[in-house]
Structure formats: structure tokens, C-alpha cells
Amino acid sequence: MNQSVIFTDQLYMETNQVRFIAQQQGMHINCFASFAVISALCDHQVVNEHNAVHLFEQCRFDLEDKAEVLIEQEAFSDSGDIFLSL
């Protein structure tokens, strides 16, 4: 694991996705995990606004690993964000 990418404990509910924050070289990077991505990593459980954060926590390390790979590949959106996909 690359120690230059650090993930905070902050989670934010967005429309059909959870936003979490990575830090690299002092910069904050918004990372987004859609409900579909969370569901796929959590044995295809149904994800909704009521359980998304709980299920995110169950598969947090896998989500952070996927985000870290995308950050290392510099796979940023035009807005500088990272979007995890299936």
C-alpha cells in the first residue's frame, strides 16, 4: 500500500453514492462510490440511503484500495475527483 495516499474517516451521503476523502501530498481528493459499487463489494446486498454508510464501512478497505489504485493511475475526472466503477 502506498503511504502517500491517506483516507480520512469522513463520509458524506450523496445522491445514490457515498463520498469519502483521500489525501495525497496535502491535497484533498473527493472519491465517490456508487451504491452499485458498494453492493457489488458487499455480496450484492441492496444499498439505499438508509444503509449505505453502514455497508460502506463493511467494505471500506476494498473501496479505499480501489480508490488508491485510481489515484496512483491519475484517473481523475475533469473536476479532479475519483469515481469508482464496477
Side-chain angles (χ1 to χ4, degrees):
M1 179 186 273
N2 183 346
Q3 293 299 316
S4 70
V5 178
I6 299 169
F7 293 91
T8 70
D9 291 334
Q10 299 170 307
L11 297 177
Y12 303 94
M13 279 295 305
E14 307 276 336
T15 304
N16 296 322
Q17 58 190 354
V18 174
R19 177 169 55 101
F20 58 108
I21 309 298
Q23 295 177 342
Q24 183 182 42
Q25 299 176 353
M27 292 182 54
H28 285 119
I29 303 166
N30 288 313
C31 301
F32 294 89
S34 69
F35 287 1
V37 169
I38 296 169
S39 175
L41 291 174
C42 290
D43 299 322
H44 298 286
Q45 294 185 51
V46 175
V47 181
N48 58 46
E49 63 274 0
H50 303 292
N51 67 359
V53 170
H54 174 72
L55 292 174
F56 180 97
E57 290 294 352
Q58 286 185 351
C59 57
R60 175 185 278 274
F61 294 114
D62 292 331
L63 291 162
E64 289 178 351
D65 285 345
K66 288 181 173 293
E68 184 174 356
V69 168
L70 292 172
I71 291 168
E72 290 172 351
Q73 293 174 348
E74 298 183 6
F76 299 102
S77 69
D78 290 341
S79 59
D81 300 324
I82 293 292
F83 289 89
L84 279 65
S85 60
L86 297 174

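Keep in mind that what you see is a predicted model, and the values were worked out from it rather than measured. Along the sequence shown, residues carry numbers from 1.
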Measuring from [X]:[atom1] to [Y]:[atom2], what's the distance to the nearest 0.5 Å?
X	Y	atom1	atom2	result
Glu72	Gln24	CD	CD	7.5 Å
Cys31	Glu64	SG	CD	9.0 Å
Asp9	Ile21	CG	CD1	11.5 Å
Ile38	His44	CD1	NE2	13.5 Å
Ser77	Asn30	OG	CG	9.0 Å
Asp65	Leu63	CG	CG	9.0 Å

Legend entry - All pairs passing salt bridge (Lys or Arg N to Asp or Glu O under 4.0 Å) where residues 30-58 contributes a residue, at least two apart: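 Pairs touching residues 30-58 that pass the test: Glu57-Arg60.
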Are [Y] and [X] connected into the same hydrophobic cluster when the rule is that any two of I, L, V, M, F, W, Y join if their side-chain heavy atoms are below 4.5 Å apart?
X	Y	answer
Val37	Met13	yes
Phe32	Leu41	no
Val5	Ile82	yes
Val47	Phe83	no
Val69	Ile6	no

Legend entry - Residues Tyr12 and Gln10: side-chain donor-acceptor under 3.5 angstrom: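 Short answer, yes.
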Legend entry - Any donor-acceptor pair under 3.5 Å from Asn48 side chain to Asn51 backbone: yes
Legend entry - Expected output: side-chain Ser39 to main-chain Gln45 donor-acceptor under 3.5 Å: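 Such a contact is found between Ser39 side chain and Gln45 backbone.
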Legend entry - Any residue meeting ring-ring contact (aromatic ring centres under 6.0 Å, His included) with Phe35, in chain and number order, not counting sequence neighbours: none
Inset, instruction - Give the minimum heavy-atom separation between Ile29 and Gly80, together with the two atoms involved. - result: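 It is CG2-O, 4.0 Å.
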Legend entry - Leu86 to Ala36 - nearest heavy-atom pair and separation: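 Heavy atoms only, the tightest pair is CD2-O, 3.7 Å.
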Legend entry - Ile71 and Phe76, any side-chain heavy atoms less than 4.5 Å apart: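 SC-SC contact between Phe76 and Ile71 confirmed.
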